[in-house]
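Note on naming: letters A, B, ... go to the chains in the order of the sequence lines (proteins, then strands), and numbering restarts at 1 for each one. For the numbers below, each heavy atom of this structure counts, side chains included, while hydrogens, waters and symmetry mates do not.
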Amino acid sequence: MNFIEELRWRGMIHDIMPGTEEYLLNEMGTAYVGIDPTADSLHIGHLVGVMMLKHFQRCGHKPLALVGGATGMIGDPSGRSQERNLMDEKVLRHNQECIKNQLRKFLDFDSDSPYKAEMVNNYDWMKDYTFLNFIRDIGKHITINYMMAKDSVKKRIEGEVGLGLSFTEFTYQLVQGYDFLYLYQTKNCCLQMGGSDQWGNITTGTELIRRIEGGEAFALTCPLITKADGGKFGKTESGNVWLDPEKTSPYQFYQFWLNTSDVDAEKYIKIFTLFSRDEVEEMISRHSEAPHLRLLQKELARDLTIRVHSESDFNLAVEASEILFGKGTTETLKSLDEKTLLSVFEGVPTCQISLSELESEIPILEFLADKTNIFSSRGEARRMIKDGGVLINKEKANDQMMINTGYLLNKRYVLVQKGKKNYFLVIAG
RNA sequence: GGGGAGAUACCAGAGCGGUCAAAUGGGGCAGACUGUAAAUCUGUUGGCGAAGCCUUCGGAGGUUCGAAUCCUUCUCUCCCCA
């Protein structure tokens, strides 16, 4: 399989340095993608880089995942209007470990194959590199003029914001460039990939390799993932979509993908799944024949939920979705046994309420606002009830209702729905 | 250092003595339509309530029957000249 061709039809190439394709056609290549360990889990935004590595490996090349322990301490000024807070080493180490475990799900790190993936951490080679040595060995070879010409730097110097950037941030590209040089020297790594915002940083690396080693190295970037409606990709009302099931439950994860728009689904299925070109084209044409079946969204959600979590997590998510969004009625809700009910609502926000209060009835507004904080004020709850946006156990609420033990499912739970997609499980105890 | 402009709800931005809980647009949320899509349309967007009341227009004082609106002062932002 030709890696470049593969990425090309998937719409994953934004910029590519001339010669890259030839390099990969002639030999088993080695490439890396950098990941900043800013949290103890990857989120789906990181998945793009991971998928690039995955395809790379599938095409018979050797992928390196670089965890940016050192660069993470500095903070990349690219696309950032303000300097980032520095992270301390202990937190970074912890984050690196967690990320490493997540990457195992995507890349083969363990086989004996020549193209098994490796994980490296730039902290390992940067931590003992003294400032003096660094500026002498590396800084010597790159001019300030070159560094200042980068967009990320220019924007911060001349931009309307005009905040300037610290020396630390300015140095970032040099540190990242050195990573590339180091991997070139020690692992024969000739290609760095990343998001389109990384182009400038990557080319500093290829430049260093040219000047210091007289070697040739390549760059490949992938377009920024966008949403058709202009919103940021990978965000929900509750923030990032994480791979860590503790942060984003498999159900929420599944729902995120299921909810993508038609336009985006076509794009995403190419980027985030491993379906072949024929399979994807087949799915797209079937989808356009019967769009209401949402085949693309379902395939996308299924594939990712299984790969990131597991088959059984996927099944539970589907089951939960069917109960929540399907023909589910109060009757089906009532018929669920406690175990099923809890597994369906795994990952749905819960709140506690005391059973004794319920025994003496609570006005619904008080129940929704004061007791459970599902709404931040009674007025808001009242308004939404008036709009018909509040459902108790799948039945429309009115603002005179009294909530009592009669509403309890399995003698313990009340299902509150705020709008079509937001569920809350109130637990009496 | 000199001169000028400004600070209004999530954001942008009207209001410039009472009719202002504050126009309008965007965003958010909800409803209808659909396919848990997009587009569109409608409603809603300070708090507590039945009316009504309470707290908001950078901070602190003051004038007035009455202030987002006038005065004083403080803080911060922007622009122009040196």
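Atom C1' of B:C80 sits at a distance of 26 Å from the matching atom of B:U73, rounded to the whole Å. Spacing of C1' atoms, B:U55 relative to B:G47, comes out at 8 Å, to the nearest Å. Nucleotides B:A5 and B:C54 have their C1' atoms positioned 35 Å apart, rounded to a whole Å. The separation of B:U42 from B:U36, taken at their P atoms, amounts to 24 Å, rounded to a whole angstrom. Here, B:U69 and B:U56 have their C1' atoms 15 Å apart, quoted to the whole Å. Nucleotides B:G13 and B:G25, compared at atom C1', are 8 Å apart to the nearest Å. One P atom belongs to B:U63, the other to B:A14, and the distance between them is 31 Å to the nearest Å. To the nearest whole angstrom, the two C1' atoms, one in B:U40 and one in B:U34, are 11 Å apart.
Checked against ring-ring contact (aromatic ring centres under 6.0 Å, His included), A:Tyr129 has the following partners two or more places apart in sequence or in another chain: A:Phe134, A:Tyr178. For A:Phe367, the ring-ring contact (aromatic ring centres under 6.0 Å, His included) test picks out no residue, with sequence neighbours left out. Residues satisfying the ring-ring contact (aromatic ring centres under 6.0 Å, His included) criterion with A:Tyr146, sequence neighbours excluded, are absent altogether. Applying the side-chain contact (heavy atoms from CB on, under 4.5 Å) criterion to A:Glu366, with sequence neighbours excluded, gives A:Ile362, A:Pro363, A:Asp370, A:Lys371, A:Arg378. For the salt bridge (Lys or Arg N to Asp or Glu O under 4.0 Å) test, residues two or more places apart in sequence or in another chain that qualify with A:Glu282 are A:Arg286.
Remark: B:A5 base-pairs with B:U77; criterion is Watson-Crick or G-U wobble with both hydrogen-bond distances under 3.5 Å. In a base pair of the Watson-Crick type (N1 to N3 plus N6-O4 or O6-N4) or a G-U wobble (N1-O2 and O6-N3), with each distance short of 3.5 Å, B:U40 is matched with B:A32. Across all strands shown, B:U72 is found opposite B:A60 as a Watson-Crick or G-U wobble partner, with both distances under 3.5 Å. Using N1 to N3 plus N6-O4 or O6-N4 for Watson-Crick, or N1-O2 and O6-N3 for G-U wobble, each under 3.5 Å, B:G27 pairs with B:U45. Of the nucleotides present, none pairs with B:G66 by Watson-Crick or G-U wobble criteria with both distances under 3.5 Å.
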Please tabulate the protein-to-nucleotide N/O contacts below 3.5 Å involving nucleotides 54-57 of chain B, giving atom names and distances.
none

Which atom pairs link the protein and nucleotides 36-39 of chain B when you take only N or O atoms and keep those under 3.5 Å?
residue	atom	partner	partner atom	Å
B:U36	O2'	A:Asn259	OD1	2.6
B:U36	O2	A:Gln255	OE1	2.9
B:U36	O2	A:Asn259	OD1	3.4
B:U36	O2	A:Asn259	ND2	3.4
B:U36	N3	A:Gln255	OE1	3.0
B:U36	N3	A:Gln255	NE2	3.1
B:U36	O4	A:Gln255	NE2	3.2
B:A37	OP1	A:Lys421	NZ	3.0

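In this structure, A:Gln417 places its CD atom 15 Å from C1' of B:C29, rounding to the nearest Å. Per the geometry, CH2 belonging to A:Trp257 stands 20 Å off C1' belonging to B:G35, to the nearest Å. Rounded to whole Å, atom C1' of B:U34 lies 14 Å from atom CG of A:Leu293. Here the P atom of nucleotide B:C29 and the CD1 atom of A:Ile385 are 19 Å apart, to the nearest Å.
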Check residues 14-22 of chain A and write down every donor-acceptor pair under 3.5 Å in which the side-chain atom is one partner and the other belongs to a residue at least two apart or another chain.
residue	atom	partner	partner atom	Å
A:Thr20	OG1	A:Met17	O	2.4
A:Glu21	OE2	A:Asn2	ND2	3.2

Show me, pair by pair, the donor-acceptor contacts under 3.5 angstrom made by side chains of residues 287-298 of chain A, not counting sequence neighbours?
residue	atom	partner	partner atom	Å
A:His287	NE2	A:Gln297	OE1	3.4
A:Ser288	OG	A:Ile284	O	3.4
A:Ser288	OG	A:Ser285	O	2.9
A:Gln297	NE2	A:Thr260	O	2.9
A:Gln297	NE2	A:Asp262	OD1	3.0
A:Lys298	NZ	A:Leu293	O	3.2

Show me the side-chain donor-acceptor pairs of residues 408-417 of chain A shorter than 3.5 Å, one per line, residues at least two apart or across chains.
residue	atom	partner	partner atom	Å
A:Asn410	ND2	A:Leu336	O	3.0
A:Tyr413	OH	A:Glu338	OE2	2.7
A:Gln417	NE2	A:Tyr423	OH	3.2

Nucleotides 40-46 of chain B: protein proximity per nucleotide (B base, S sugar-phosphate only, - neither; heavy atom, under 4.0 Å)
---BSS-
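Annotation: A:Tyr23, atom OH; neighbour count of heavy atoms from other residues, nucleotides and ligands within 6.0 Å is above 12.
Annotation: proximity of residues 299-317 of chain A to RNA chain B (heavy atom, distance under 4.0 Å) is found for no residue.
For the pair A:Asn398 and A:Met401, the minimum side-chain heavy-atom distance is below 4.5 Å.
A:Met193 and A:Ile202 get closest at one heavy-atom pair: C-CD1, 4.1 Å.
The residue among A:Gly419 and A:Glu380 whose nearest nucleotide of RNA chain B is located toward the 5' end is A:Gly419. When each of A:Ala369 and A:Met384 is assigned the nucleotide of RNA chain B with its nearest heavy atom, A:Met384 is the one assigned upstream, toward the 5' end.
Side-chain contact annotation: A:Gln198 with A:Gln192, donor-acceptor N/O pair under 3.5 Å absent. Using modelled atom types and a 3.5 Å distance limit, the side chains of A:Gln176 and A:Thr204 yield no donor-acceptor pair. Side-chain contact of A:Gln96 with A:Asn121: a donor-acceptor pair under 3.5 Å is present, judged by distance alone.
Rounded to the nearest 0.5 Å, atoms OG (A:Ser376) and CD1 (A:Ile374) are 12.0 Å apart.
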